[in-house]
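Okay, structure first, notes after.
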Amino acid sequence: MVLPRIAYNNLVPTSTLTSVSTVADGGALANVKSWGRYSFWLPTGAGPHYAEVDFGSNKTINCFCIAGSDCSGTVKMQRWNGSSFVDWLEVVANGDGSPLYVFAGASQLTSKVKFTFPTITALSVLFVGQDMELPEGIGPGWSDPIMAQIIETSPEISREGYWLGAAMLRKNARLTLNLKNVDAGWAKTNWTPFHNTCQLNPFCLNWQSDNYPTSATFCHNNKFIPATFPRPFFMDMGVEFDAEAGPA
């Protein structure tokens, strides 16, 4: 079974970020600390561009995520082994703005990481940390976020009342992730911190990475479904969210 993964406990907002790249006005690397899609790192000039994330002390990590980016080529994340940066995780980005979610089978303890972007002019969201693997797979009724996108439009009518067509405002996929009959101990240890953190913060979801390469999703505008006990010692829970999955 392919188990979904959620990345929400981001180390980037509390880390020191550095880059030697020049940037456009208002496009400092520190903008990615906001965890939001409204501010951007805007490096200028020919790549590759590099970005370092210094945690200040050793932290356990196993993944990185990117959203709101036009990066293309092989994006690499190196980790510090105490004396130098060594290759660790990488992914090929196609430059279409789709979120990326890359994880390793084993976590590593490191104090800083370094990213290499062959080609990039904008990056909004950068996540580095340790993700959470859910105890069960996606159930029936789940929709591929890309196929679930619905175009929201703004109809335009002239002063004389003539129909002028409609302008597209955005593509939106409103989805719900449900977990059924989950061990109550797991829920208390894992779901509760996620619930408390992401009431107001976004998160990244990798819902079927092993055999569906476009399964990375940036999730925001979250609404948690109250957890219930279907039977003793087991719980049902879920979260509804807007899913940003890239072009449809």
Side-chain angles (χ1 to χ4, degrees), residues 1-21 29-36 41 48-67 69 71 73-93 99-118 120 123-136 182-183 185-198 201-210 213 215-219:
M1 178 186 296
V2 180
L3 299 176
R5 311 180 74 93
I6 288 176
Y8 73 92
N9 192 14
N10 195 1
L11 297 175
V12 172
T14 58
S15 299
T16 300
L17 309 185
T18 57
S19 174
V20 297
S21 298
L29 178 59
N31 288 342
V32 302
K33 287 188 174 186
S34 70
W35 229 150
W41 176 42
H49 293 285
Y50 304 95
E52 290 189 21
V53 182
D54 189 334
F55 309 134
S57 60
N58 280 337
K59 302 292 184 181
T60 301
I61 65 173
N62 75 328
C63 71
F64 75 86
C65 307
I66 292 172
S69 172
C71 61
T74 301
V75 179
K76 296 182 178 181
M77 185 179 77
Q78 297 174 300
R79 61 178 177 84
W80 184 253
N81 67 0
S83 58
S84 63
F85 284 106
V86 295
D87 291 343
W88 189 26
L89 300 176
E90 64 179 49
V91 64
V92 177
L100 305 174
Y101 189 136
V102 189
F103 63 92
S107 300
Q108 295 286 341
L109 194 66
T110 185
S111 62
K112 55 185 176 180
V113 295
K114 180 179 180 180
F115 288 91
T116 301
F117 300 95
I120 187 173
L123 173 62
S124 177
V125 174
L126 178 63
F127 175 96
V128 181
Q130 188 170 26
D131 68 354
M132 171 177 69
E133 186 178 66
L134 302 187
E136 64 170 317
V182 174
D183 179 81
W186 182 94
K188 182 177 181 180
T189 301
N190 297 279
W191 190 264
T192 298
F194 167 57
H195 173 275
N196 293 342
T197 300
C198 293
N201 294 318
F203 64 94
C204 296
L205 170 67
N206 195 318
W207 57 274
Q208 199 175 14
S209 62
D210 288 3
S215 66
T217 305
F218 179 69
C219 309

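Any value given below was found using the heavy atoms of this structure, including those in side chains, with hydrogens, waters and symmetry copies removed.
In this structure F127 satisfies the ring-ring contact (aromatic ring centres under 6.0 Å, His included) test together with W35, sequence neighbours excluded. By the ring-ring contact (aromatic ring centres under 6.0 Å, His included) test, F55 is found to be paired with no residue, residues two or more places apart in sequence or in another chain being considered. Scanning for side chain to side chain contact (heavy atoms under 4.5 Å, CB included) contacts around A30 gives an empty result, with sequence neighbours left out. For V182, the side chain to side chain contact (heavy atoms under 4.5 Å, CB included) test picks out P135, E136, L179, W186, M237, with sequence neighbours left out. Taking E90 as the reference, nothing meets the side chain to side chain donor-acceptor pair (under 3.5 Å) condition, with sequence neighbours excluded. For the ring-ring contact (aromatic ring centres under 6.0 Å, His included) test, residues two or more places apart in sequence or in another chain that qualify with W80 are F85. Every residue was checked against the side chain to side chain contact (heavy atoms under 4.5 Å, CB included) condition with P118, not counting sequence neighbours, and none meets it. Residues passing the side chain to side chain donor-acceptor pair (under 3.5 Å) test with T197: none are found, sequence neighbours excluded. Applying the side chain to side chain contact (heavy atoms under 4.5 Å, CB included) criterion to V86, with sequence neighbours excluded, gives R79, N81, S84. Qualifying side chain to side chain donor-acceptor pair (under 3.5 Å) partners for S34, counting only residues two or more places apart in sequence or in other chains: S39.
Between V91 and T74, every side-chain heavy-atom pair lies at or beyond the 4.5 Å cut-off. With contacts defined as side-chain heavy-atom distances shorter than 4.5 Å, the pair V75/I66 qualifies. Considering only heavy atoms from C-beta on, L3 stays 4.5 Å or farther from L134 through its side chain. Taking the side chain as every heavy atom from C-beta outward, T60 and Q130 approach each other to under 4.5 Å.
How far CG of L29 is from OG of S19: 6.0 Å, rounded to the nearest 0.5 Å. Between the CD1 atom in I6 and the SG atom in C63 there is a gap of 11.5 Å [rounded to 0.5 Å]. One finds the OG atom of S111 at 5.5 Å from the CG atom of N58 (value rounded to the nearest 0.5 Å). Taking CG from L100 and CG from L89, the interatomic distance works out to 12.5 Å, rounded to the nearest 0.5 Å. Taking CE of M132 as the reference point, atom OG1 of T189 lies at 11.5 Å (rounded to 0.5 Å). Rounded to the nearest 0.5 Å, atoms CG (N196) and CG (N201) are 11.0 Å apart.
Scanning both residues, A93 and C71, for their nearest heavy atoms gives CB-O, 3.3 Å. Across every non-hydrogen atom of N190 and P193, the tightest pair is O-CD, 3.3 Å. Considering every non-hydrogen atom in both C198 and P202, the closest pair reads SG-O, 3.8 Å. In terms of heavy atoms, A67 sits closest to L123 at O-CD1, 3.9 Å. The nearest pair of heavy atoms linking S124 to G36 is OG-O, 2.8 Å.
Here the side chain of T18 pairs no donor or acceptor atom with the backbone of V53 at under 3.5 angstrom. In this structure, the side chain of T14 engages the main chain of L11 through a donor-acceptor pair within 3.5 Å. A donor-acceptor pair under 3.5 Å links the side-chain atoms of N10 to the main chain of V128, judged by distance alone.
The number of heavy-atom neighbours closer than 6.0 Å to NZ of K76, taken from other residues, nucleotides and ligands shown, is 12 or below.
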Give the intermediate values and the outcome of side-chain contact (heavy atoms from CB on, under 4.5 Å) for residues I61 and M77.
-> CA-CA 12 Å; I61 65 173; M77 185 179 77; 4.2 Å; yes

After noting the C-alpha distance and the side-chain angles of Q208 and S215, does the key distance pass the side chain to side chain donor-acceptor pair (under 3.5 Å) rule?
-> CA-CA 6 Å; Q208 199 175 14; S215 66; over 6 Å; no

Do V12 and L17 pass the side-chain contact (heavy atoms from CB on, under 4.5 Å) test, and can you show the C-alpha distance, the side-chain angles, and the key distance before you say yes or no?
-> CA-CA 8 Å; V12 172; L17 309 185; 4.1 Å; yes

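Of the residues listed (Y101, F103, F117, F115), the one engaging F64 in a ring pair (Phe, Tyr, Trp, His ring centres under 6.0 Å) is F115, and it is the only one. Y8 pairs with exactly one of F218, W191, F194 by the ring pair (Phe, Tyr, Trp, His ring centres under 6.0 Å) rule, that one being F194.
Contacts classified as salt bridge (Lys or Arg N to Asp or Glu O under 4.0 Å) and involving residues 3-13 (residues at least two apart or in different chains) are given here: R5-D131, R5-E133. Each salt bridge (Lys or Arg N to Asp or Glu O under 4.0 Å) pair with one or both residues in residues 80-89, not counting sequence neighbours, would appear here, but there are none.
Side-chain atoms of D54 and S15 include no donor-acceptor pair closer than 3.5 Å.
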